[in-house]
Structure formats: C-alpha cells, structure tokens
Amino acid sequence: MRISHRTANGTSTYPHEVPQFGLGVFLMSEPGECKNACLAALKAGYTHIDTARAYSNEHEVGEAIKESGLNREDIFITTKLRRMHAIGFNDVLEHCQMSLELLDTDFIDLYLVHAPPEDIDHRAPVWKGMEHCLERGWVKAIGVSNYGAHHLEGMREYATYLPSVNQIEINPWLQRPELRAATEAIGAKVMAYSPLARGHKLDDPSLVLVAERLGCTPAQVAIKFCHDIGCITIPKSSREERIVENLASLDVDISSEMGAIEAMECGYISGWDPTSEP
Ligand SMILES: NC(=O)c1ccc[n+]([C@@H]2O[C@H](COP(=O)([O-])OP(=O)(O)OC[C@H]3O[C@@H](n4cnc5c(N)ncnc54)[C@H](OP(=O)(O)O)[C@@H]3O)[C@@H](O)[C@H]2O)c1
C-alpha cells in the first residue's frame, strides 16, 4: 500500500510503500522474546515490524533483522516517539537518532508520534521535529498514533506535511468508521492496532460462529476484517504457530460474513484511548 504526505496545497510528497500486514511487538519484555518472534515472522514471510521506544525492544528488532540475513530495504520498520519524549523540536531529533541507534539502521521506514502530546503547546514543535527527520532522510515517512479527528484537524494549522498514517485501535468490536474517514480525509492511511483486542474477545460466540462457518480461526477473522476494510494491521504474537496462523489470515475470504462481523461493534476499548483526550 502506498503512503505519502499531503501538503497545504493538496499535493502528495515523500511516497513510500508499506506492507499492509506486519508483526506488532508490544509486551515482549522477556530477553530474546522480541528477537525470536521477529525471526519467526521474517522466516514466515512477514516484511513489516511495528515497535516503539515504549516497548523497550527496538534493539531486539534490529538484532533480528541483522540475523535474518535479509536486506534492510526489504523490511519495513515502524517505530514511535514515546509520549514522554514528545515535548519539543530538539527532543524529537534526539530520540529519533536514539531509535536509529537502537534499531542499528540508517533509516526508519515510518516514525509515529505515539499519542498526541499531552501539553497542547507541544504538538506543533513536536510535529516540526518529525518533519525535520523526514526532510533529513532519517525516516522515510512520518505519522501519528491515537489521534482523534479533532487532533488531526488541528494539524492543518501547523503541519507542512500532513501525516501519512494514523495508528489507532481497530477490530470487530471497535470499528470507528468516523475516525477512519477523518484519517483518510487528511490523506493518511489507517493502521489498525490491537486487531485481536489484545486477545480479550477471541471467545466471542458471534466471532466463533463466523470462524466455524468459514473454516478458519477466530483470530484470522478479526485480522482479515481489519485488512479488508482497508487498514494496515499488525497483530502481535510471541508464538511461532500463531505468527504463521495470523499471516495465513490474508488467504481467508470473509466477504460472505462482513455483515455478521460488522454487527459485533460494541465500542470496546482493549487498552488506552488518547483519541478522546482534548
Ligand atoms: N500505538 C499504540 O498505542 C498501540 C497500542 C497497542 C498496540 N499497538 C501495536 O499493535 C500491536 C498489536 O496489538 P496488541 O499487541 O495490543 O494486541 P493484539 O495483536 O490484538 O493481540 C495480541 C494478543 O493476542 C494473542 N494472540 C495472537 N495471535 C493469536 C492467535 N492466532 N490466536 C489466539 N491468540 C492470539 C497474543 O498472545 P501470544 O503472544 O501468546 O500469542 C496476545 O495476547 C502491538 O504489538 C503494537 O505493535 C500500538
């Protein structure tokens, strides 16, 4: 899928290709856990890894990429500026450089502001810092995460390059059509995090029935739903068999069950929700 940044006069710039499916590595805190999961994913055919400074495992992502023997250019790395570091222009530059070092790479494919800076006055200088990282070539694309429609609209006041991606929680129980539309309205793609609602709802009887009718697993239905509504998605698993199962969801045809999946919407937030903050 192609991502790019819309400018004030409506042109798109800094195009970059992002694989629509990847491995999320949140909550892989045991030493070696993240590295082993990344190696298993790369072996299975994944080409996109989503990490963050807050996950404390960027170094293991970097180690896995080196050990895999794959070319850096053939793997897409997303990482994120930690919320506590999103306080000023120079802080962004400093932390971007630190992520480059931890990942042991010359460039980051996609760098995201992990959540809207809590201090509203920090939002413009932080985004200017992100734009500087883009212009310097340290990162190939920049975006945001956990931005609500009002946060995105506010960016029109200060952004030279609007974000290429908004990473938000999306799954069958939290479908967010309005926020997806607001994201697309500024020229950004939606990246669906927690596509399995962190595993909280995989025993939902409606989901289990759909999976039985389709002859696949409940997790595969949830992941493919996020994919088929046009999102990039990044399910997390530390287990090799699930890493393989989750990738295989791309081969499942869920079109006959879209209505049943859409009916699972219940506004369920599995983790945090900064999109509703001021
Ligand atoms: N930007 C943000 O604020 C934000 C917030 C949350 C997440 N994220 C990103 O999105 C990624 C995914 O979200 P997430 O980690 O919150 O949750 P998730 O991917 O929705 O769910 C992960 C949970 O589901 C389990 N699981 C995975 N595959 C399974 C399968 N096939 N069958 C049964 N259970 C399965 C995992 O356990 P095992 O590991 O034991 O398999 C884990 O407990 C994160 O890793 C992170 O990269 C971003």
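In listed order, ligands and their atoms are each counted from 1.
Inclusion of Arg198 in the set of residues having an N or O under 3.5 Å from an N or O of ligand 1 is warranted. Checking only distances, Phe26 does come within under 3.5 Å of ligand 1, N or O to N or O. Between Pro235 and ligand 1, no pair of N/O atoms sits closer than 3.5 Å.
Judged by distance alone, the side chain of His48 and the main-chain N or O of Ile75 form no donor-acceptor pair under 3.5 Å.
Between Phe89 and His132, a ring centre-to-centre spacing shorter than 6.0 Å is recorded.
Taking OG of Ser164 as the reference point, atom OH of Tyr14 lies at 12.5 Å (rounded to 0.5 Å).
By the 4.0 Å N-to-carboxylate-O rule, Arg72 lies too far from Asp104 to be salt-bridged with it.
Minimum interatomic distance between Glu33 and Leu27 (heavy atoms only, all atoms of both residues): OE2-O, 4.0 Å. Closest approach of Ile243 and Ala37 over heavy atoms only: CD1-O, 3.7 Å.
When Glu241, His114, Arg239, Arg83 are checked for heavy-atom proximity to atom 40 (O) of ligand 1, Arg239 turns out nearest.
Side-chain atoms of Tyr147 and Gln167 include no donor-acceptor pair closer than 3.5 Å. Between Tyr193 and Asn146, the side chains place a donor N or O and an acceptor N or O closer than 3.5 Å (distance only, hydrogens not considered). Between the side chains of Lys128 and Thr160, at least one donor N or O lies within less than 3.5 Å of an accepting N or O. Glu60 and Asn36 are not linked by any side-chain donor-acceptor pair at a separation below 3.5 angstrom, with hydrogens and angles left out of the test.
The ligand atoms of ligand 1 that sit less than 4.0 angstrom from a heavy atom of Trp272 are 3 (O). Each of the atoms 33 (C), 34 (N) of ligand 1 lies under 4.0 Å from some heavy atom of Leu202. Taking every non-hydrogen atom of Tyr55 and a distance limit under 4.0 Å, the qualifying atoms of ligand 1 come out as 4 (C), 8 (N), 9 (C), 46 (C), 47 (O), 48 (C). Close approach of ligand 1 to Pro195 is summarised as follows: ligand atoms under 4.0 Å from at least one heavy atom of the residue are 19 (O), 20 (O). Taking a cut-off of under 4.0 Å to the non-hydrogen atoms of Gly199, the atoms of ligand 1 that pass are 21 (O), 23 (C), 24 (O). Every atom of ligand 1 with a heavy atom of Ala219 under 4.0 Å away is listed here by number and element: 30 (C), 31 (N), 32 (N).
Residue Asn146 touches ligand 1 through its side chain alone, judged by heavy-atom distances below 4.0 Å. In Leu27, neither the side chain nor the backbone holds a heavy atom less than 4.0 Å from any atom of ligand 1.
Here the side chains of Leu162 and Thr7 are not in contact, with every heavy-atom distance at 4.5 Å or above.
The closest protein non-hydrogen atom to atom 25 (C) of ligand 1 is Arg242 NH1, 3.9 Å. When only non-hydrogen protein atoms are considered, atom 6 (C) of ligand 1 lies nearest to Tyr193 CD1, 3.3 Å. Protein heavy atom closest to atom 28 (N) of ligand 1, with residue, atom name and distance, is Asn246 ND2, 3.1 Å. Nearest protein heavy-atom contact of atom 41 (O) of ligand 1 is Ser237 OG, 2.6 Å. Among all protein heavy atoms, the one lying closest to atom 20 (O) of ligand 1 is Leu196 N, 2.8 Å. Protein heavy atom in closest approach to atom 47 (O) of ligand 1: Asp50 OD2, 2.6 Å. Ser194 OG, 2.8 Å is the protein heavy atom nearest to atom 16 (O) of ligand 1. Residue, atom and distance of the protein heavy atom nearest to atom 39 (O) of ligand 1 are Lys236 NZ, 2.7 Å.
At least one test fails for Lys80 against the ring of Tyr111: distance under 6.0 Å to the centre or angle within 45° of the axis. Arg198 forms no cation-pi arrangement with Phe26, by the criterion of a distance under 6.0 Å to the ring centre and an angle within 45° of the ring axis. Annotation: cation-pi pair Lys140/Phe107 present, NZ/CZ under 6.0 Å from the ring centroid and within 45° of its normal.
Residue contacts with ligand 1: Thr217 is excluded, as none of its non-hydrogen atoms falls under 4.0 Å. For Val25, the closest heavy-atom approach to ligand 1 falls below 4.0 Å. Residue contact check for ligand 1: Ala197 places a non-hydrogen atom closer than 4.0 Å to it.
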